[in-house]
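What follows is a short report on a single structure.
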Amino acid sequence: MTHKQMRIIDHPVLGAMNERDIMTFTFDGHTYKGFKGDTIASALLANGIRQLRVHEERGTPRGIYCNIGHCFECRTTVNGVSGVRACLTPLKDGMVVTSGQTEPVPLNSEHDVDELPRTYTEFIQKQKAHEAGDSDA
Amino acid sequence: MDKMIICRCEEVTLGDIKDTAEQYDATAREIKLRTRAGMGYCGGRTCRPAVDKVLEDITGEKPGDQIPLKVQPPVRPVTLATLGGRTNDT
Ligand code: FES
């Protein structure tokens, strides 16, 4: 599995990467492997995953931005705790990491009041219809 | 250029800020309140210098004039649980 990862295994200055303990974790239900010493973000990046969440209102992709714990763009939910910065949190074996999702925006003034979903189910239906419409276009 | 995102937390583009300034003839503070630029999850700690500069260019108001767009503590977002003494062990 490690050979499939995007890693610098022989650095011209830092030398070859030594043997590391392998840790298994899940991200949005998929199982991945990383090394001891990885952050959640670096482990995911090595597995080719750059999108860590979506913008809660617009649904646009978000990933590592500052990578120093400053901007909170990389926040994920880890073992049920939300708002955990993937770029700063060391990977641990068995971690359950989930990304965010688009949230309802009931008070957006651009909405036509009659068009507003009245229940969460309606919101999901409308969103699905909206997404289907988008991909047709 | 107008599509460039200035504030990522609230996804406010340069165009949004310009349009708001034009439409409402707004002060720097008003633009900030209307667009929510710099008022997102990170508390403006990432985009603040950019927002300040854009607002200064558009309105001519220097950051800190009259009603300052000041920075509020805490230094970064913390949960109530953290304030209540939980040590984050994730
Ligand atoms: S990428 Fe900025 S806080 Fe993690």
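Sequence lines set the chain letters: A, B, ... in the order given, protein chains first and strands last, and positions in each chain run from 1. Scope of the values below: all heavy atoms of this structure, side chains included, with no hydrogens, waters or symmetry mates. What you are looking at is a predicted structure, and each value in this text was computed from that prediction instead of being measured.
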Does anything in residues 8-21 of chain B reach chain A? List residues with heavy atoms under 4.5 Å apart, or say none.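 Those residues of residues 8-21 of chain B which have a heavy atom under 4.5 Å from chain A are Arg8(B), Cys9(B), Glu10(B), Glu11(B).
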
[X]-[Y] co-clustered via ILVMFWY side chain contacts under 4.5 Å:
X: Leu44(A); Y: Val96(A); result: no
X: Met6(A); Y: Ile8(A); result: no
X: Leu45(A); Y: Phe72(A); result: no
X: Met1(B); Y: Ile58(B); result: yes

Between His70(A) and chain B, which part of the residue has a heavy atom less than 4.5 Å away: side chain, backbone, both or neither?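 Contact with chain B: backbone and side chain both.
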
Once you round to the nearest 0.5 Å, how far does CD of Glu73(A) lie from OH of Tyr41(B)?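 Output value for this atom pair is 11.0 Å.
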
So, do Tyr65(A) and Thr46(B) sit near enough that their side-chain heavy atoms are less than 4.5 Å apart?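 Yes, their side chains come closer than 4.5 Å.
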
[atom1] of [X]: more than 12 outside heavy atoms within 6.0 angstrom?
X: Leu83(B); atom1: CG; answer: yes
X: Arg50(A); atom1: CZ; answer: no
X: Lys36(A); atom1: NZ; answer: no

